[in-house]
Amino acid sequence: MMNEMAQTATLPESGRRIGEVILDLKNISLRFGGVKALTDISFDVREHEIRSIIGPNGAGKSSMLNVMNGVYHPQEGTILFRGEPRQQMDPHMAATQGIARTFQNIALFKGMSVLDNIMTGRNLKMKTNLFQHALFWGAAQREEIEHRKKVEEVIDFLEIQSIRKTPVGRLPYGLQKRVELARALAAEPTLLLLDEPMAGMNVEEKQDMCRFILDVNDQFGTTIVLIEHDMGVVMDISDRVVVLDYGKKIGDGTPDEVKNDPDVIAAYLGASH
Amino acid sequence: MLYREAGQFKASYEEDQQIFPIRQDRVGMAVLLAFFFLAVPMFASQYWLQAILIPVLIFSLAAIGLNILTGYAGQLSLGSAAFMAVGAFGAYNFMLRIDGMPFLLGIVLGGLSAALVGVAFGLPSLRIKGFYLAVATLAAQFFIVWALVKFPWFSNYSSSGVISAQEIQILGYAFTTPESKYLLTLAVVTVFALVAKNLVRSTTGRRWMAVRDMDVAAEVIGIRPMRAKLSAFAVSSFYCGVAGALYAYTYLGTVEPEGFNLDLSFKILFMIIIGGVGSILGSFLGAAFIVLLPILLNVVMHSTLGSAMPPGLGSNLELIIFGGLIIFFLIVEPHGLARLWQLGKDKLRLWPFPH
C-alpha cells in the first residue's frame with residue numbers, strides 16, 4: 001500500500017492528472033455505543049481522482065462519508081484535509097472547505113423548485129444579509145443574478161433546463177438524483193462525496209449519471225468519492241477502489257487489483273467474478 | 001384567453017426574477033392597489049373601514065409573520081398573539097416615555113422589541129421540533145401576557161391594565177378619521193408584504209425553506225440551522241409586533257394584555273392554515289376569510305331568518321356553520337385558498353382548451 005501511495009499516476013486518455021493526497025484518513029474508528037461501525041480504517045483520496053468505496057450492506061460505507069464531511073465524529077483516528085489535521089468539525093465547516101455531497105436517500109428540499117434547490121447550493125457564496133434581501137435592490141439583486149448565472153451553467157451541464165421551475169417533489173426519481181447532484185455542484189466543491197448516485201436507476205439513467213460524474217471529474221477537476229453497488233460502473237469509472245466489510249478495510253487498490261483480491265471476492269464480489 | 005403568458009419572453013434574469021412574471025398579474029396587482037388606495041377610502045363607509053378592512057389588514061400582517069415562521073421556516077408557533085402584545089405595549093411605552101417619538105419609528109421599535117422576545121422564545125427550537133415546539137411557544141403566550149399584567153409599568157400603572165393608544169401623528173398630520181387610519185394601515189401592510197416577499201424569494205428565504213424541508217441536507221451545504229431558525233423567529237415576531245402595534249393604534253385604540261390571548265394566536269394559526277401555509281397571498285386570503293365569514297354569516301342569518309329564531313340560537317348556529325365551512329375547505333383543498341387560487345390561474349392559462 002505504501003508503494004502505491006508513493007507513485008503519482010496519470011491517465012493519458014483523458015489528460016487529467018491525479019495530484020497530491022487531498023484527504024488522508026488514518027486509523028479511523030467510529031462507534032455508536034457498543035456497535036463498531038468503523039474499525040481502524042486508513043486510506044487516502046488524491047486530487048482529481050475518482051475513488052470508490054464498495055462493500056456489502058452495513059459495511060460502513062455511508063458512515064465513512066459521514067465521517068469525511070463532519071456529520072459523524074470518529075472516536076479514534078486522524079483526518080488530514082489538504083495536509084491540515086482536523087479534530088472536531090461540523091458539516092458547515094466541511095462545506096466551507098469545499099466538501100459537498102449527495103445522499104443515499106434523496107435529500108432535496110421538497111417544497112422548493114429545482115432552481116431554488118440549486119441556488120441554495122450556492123448559499124455559502126452569498127454575502128448579502130437579511131436587510132439587503134428585504135429590499136431586494138442593489139447588491140442583493142446583483143448577487144442573485146450573478147449566482148443565477150452560475151446556477152444556469154450547472155443546469156446546462158446536467159441538461160435539466162426544462163424542469164428548472166418545477167417543484168422537485170413532482171420529479172421522477174432519476175431526475176431528483178440529478179438535481180441533487182446539481183445542488184452539490186453549484187457549491188463548486190473541490191471534493192464531492194456521492195452516496196449511491198445510481199441506486200434504483202434504470203440503465204439509461206445510469207449511463208447518463210456515469211457520463212455526468214466523469215464529465216464533472218474531467219472538466220472541473222473535482223475529486224470524487226463514490227459509493228456504489230453496481231460493480232460494472234464502479235470498476236469502469238474508478239481510479240482506485242477501497243473495499244469495506246463489517247467496518248473493516250479488506251481491500252484497496254485499482255479496480256483490477258481489487259477485482260482479483262481473494263478477500264474481496266470472498267466477502268463481496270462472489271466467485272463468479 | 002386573456003390570462004396567458006404566451007409571447008412574453010424573458011430576456012434577462014432581472015425579468016425572470018420579478019414577483020409577478022406575467023404581465024396580466026402585474027396589471028391586476030396595480031388595479032387592485034389603486035382600488036384599495038383610491039376607491040375604497042372614497043366610497044367605503046366608516047363601518048367597513050374601521051370594523052372590517054383595518055382588522056383584515058392587521059391580521060394579514062400578523063398572518064404573514066406567522067407564515068414566515070411556520071410556513072417558510074417550518075417552526076410551529078402558538079405565541080403569535082403574545083408577540084403582538086409585545087409590539088403593542090412596546091410601541092405604547094416608546095411613545096409614552098420618549099418625547100417626540102415619531103409614530104412610525106415607535107411601531108418599528110415595538111416590532112423590534114417583539115423580535116428580541118421572539119428570538120429568546122425561539123431558542124428551544126434549536127433542540128425541539130414540531131408539536132413539542134408548539135407547546136414550548138405556549139410558554140411565550142402565557143408568560144408574556146402574565147408579565148404584562150403582573151408588572152403595571154408596562155401599562156403605565158393604569159388601574160385596569162388597559163392602555164389607551166396615543167393619537168397618531170406623522171409630520172404634524174393627525175390620523176383621526178377612519179379613512180386616514182385605513183390608509184396608514186394599508187400603506188404599512190403593503191410595504192411589509194413586499195418586504196416579506198423579497199425575503200422569501202432571496203437567500204434568506206431559501207435558507208428558511210431548506211431548514212424546513214430537510215435540516216440535515218441544509219447543514220451539509222453550509223446553512224447554519226440555528227441562524228436560519230432564529231432569524232425566522234426574529235422576522236416573524238417583528239411582523240407580529242408591528243401588527244400588534246397597529247392593532248392598538250389604528251384598530252382598537254385601547255387594548256389590554258388579556259386581549260392578546262391564546263384564542264387570538266389560534267385565530268392567526270387558522271388564518272394561515274386556511275389561507276395557505278407558505279404563501280404571502282394566502283396570509284391575506286386567510287385573514288379575510290376568518291374575519292369576513294362570521295360577519296357574512298351573521299348578515300345572511302339575520303336577513304333570512306330574521307326574528308323567527310330565539311336569540312341564543314343564532315350565534316351558536318353561526319359558530320357551527322363557521323366550523324363546518326373550515327372543515328369543508330380543508331377537505332377540498334388542504335393547501336389552502338392560495339393553492340386554490342393557483343390552480344384556478346393554471347386552469348385559466350389553458351382555457352378554453354383542456355390541455
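In what follows, every chain begins at residue 1, and chains take the letters A, B, ... in the order their sequences are listed. Note that the structure is a prediction, hence the values are computed from the model and not measured.
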Against chain A, work out which of [options] has the most heavy-atom pairs shorter than 4.5 Å and name it.
options: B/V211, B/D213, B/V195; answer: B/D213
options: B/R212, B/E219, B/K197; answer: B/E219
options: B/L194, B/T203, B/V200, B/V235; answer: B/T203

Checking heavy atoms, do the side chain of [X], its backbone, both or neither come under 4.5 Å from chain B?
X: A/L193; value: neither
X: A/A134; value: both
X: A/T120; value: both

Checklist entry - Do A/M89 and A/Q97 have side-chain heavy atoms sitting under 4.5 Å apart? => result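 Counting from C-beta outward, A/M89 and A/Q97 do come under 4.5 Å.
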
Checklist entry - Hey, does A/K26 have a side-chain heavy atom less than 4.5 Å from the side chain of A/L80? => result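 Yes - at least one pair of side-chain heavy atoms lies under 4.5 Å apart.
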
Next on the checklist: Need one label for B/R201: side chain, backbone, both or neither, based on atoms under 4.5 Å from any heavy atom in chain A.
Outcome noted: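 Both parts, backbone and side chain.
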
Checklist entry - Heavy-atom distance under 4.5 Å to chain A: side chain of B/A218, backbone, both or neither? => result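 Answer is both: backbone and side chain atoms of B/A218 are under 4.5 Å from chain A.
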
Item to check | Residues of residues 11-18 of chain B with any heavy atom under 4.5 Å of a heavy atom in chain A | outcome: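 Result: B/Y13, B/E14, B/D16, B/Q17.
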
Checklist entry - Under 4.5 Å, heavy atom to heavy atom, which residues of residues 107-130 of chain B contact chain A? => result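 Residues qualifying by a heavy atom under 4.5 Å from chain A are absent, so none.
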
Item to check | Greatest number of heavy atom pairs closer than 4.5 Å to chain B - which of A/E152, A/Q132, A/R101 | outcome: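 Among the listed options, the one with the most contacts to chain B is A/E152.
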
Checklist entry - Pick from A/K149, A/H133, A/M126, A/M119: which one has the most heavy-atom pairs with chain B under 4.5 Å? => result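 Winner by heavy-atom pair count: A/H133.
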
Checklist entry - Any salt bridge between A/R148 and A/E144, counting N to O under 4.0 Å? => result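 Salt bridge absent between A/R148 and A/E144.
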
Item to check | A/R122 with A/E188: basic N within carboxylate O range, under 4.0 Å | outcome: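 The answer is yes: the pair qualifies as a salt bridge.
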
Checklist entry - Is the A/F212 ring parallel, tilted or perpendicular to the A/F157 ring (thresholds 30°, 60°)? => result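 Ring orientation, 0 to 90° scale: tilted.
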
Item to check | Parallel, tilted or perpendicular: rings of B/F192 and B/Y239 (30°, 60°) | outcome: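 Perpendicular, since the angle between the ring planes exceeds 60°.
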
Checklist entry - Looking at A/M68 and A/I53, what are the two nearest heavy atoms and their distance? => result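 Closest pair (atom of A/M68, atom of A/I53, distance): CE-CD1, 4.2 Å.
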
Item to check | Minimal non-hydrogen separation, A/L38 against A/G60, with atom names | outcome: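 Closest pair (atom of A/L38, atom of A/G60, distance): CD2-O, 3.4 Å.
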
Checklist entry - B/N67 pairs by side-chain hydrogen bond (donor to acceptor under 3.5 Å, both in side chains) with which of B/S60, B/S279, B/S283? => result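 When B/S60, B/S279, B/S283 are each tested with B/N67, the side-chain hydrogen bond (donor to acceptor under 3.5 Å, both in side chains) holds only for B/S283.
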
Next on the checklist: Looking at A/R51 and A/D44, would you say the former's side chain and the latter's main chain have a donor-acceptor pair under 3.5 Å?
Outcome noted: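 Checking the backbone N and O of A/D44 against the side chain of A/R51, a donor-acceptor pair under 3.5 Å is found.
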
Checklist entry - Are A/L181 and A/L192 close enough, and set up right, to give a side chain to side chain contact (heavy atoms under 4.5 Å, CB included), and what steps lead you there? => result CA-CA 9 Å; A/L181 178 63; A/L192 180 59; 4.0 Å; yes

Next on the checklist: Applying side-chain hydrogen bond (donor to acceptor under 3.5 Å, both in side chains) to B/R207 and A/N123, what does each step give before you reach the verdict?
Outcome noted: CA-CA 8 Å; B/R207 284 179 185 148; A/N123 94 93; 3.2 Å; yes

Item to check | A/I106/A/Y173 under side chain to side chain contact (heavy atoms under 4.5 Å, CB included): CA gap, chis, key distance, verdict | outcome: CA-CA 9 Å; A/I106 297 169; A/Y173 181 82; 3.7 Å; yes

Item to check | Within 6.0 Å of NZ in B/K347, more than 12 heavy atoms from elsewhere | outcome: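 No, the 6.0 Å shell around NZ holds no more than 12 heavy atoms from other groups.
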
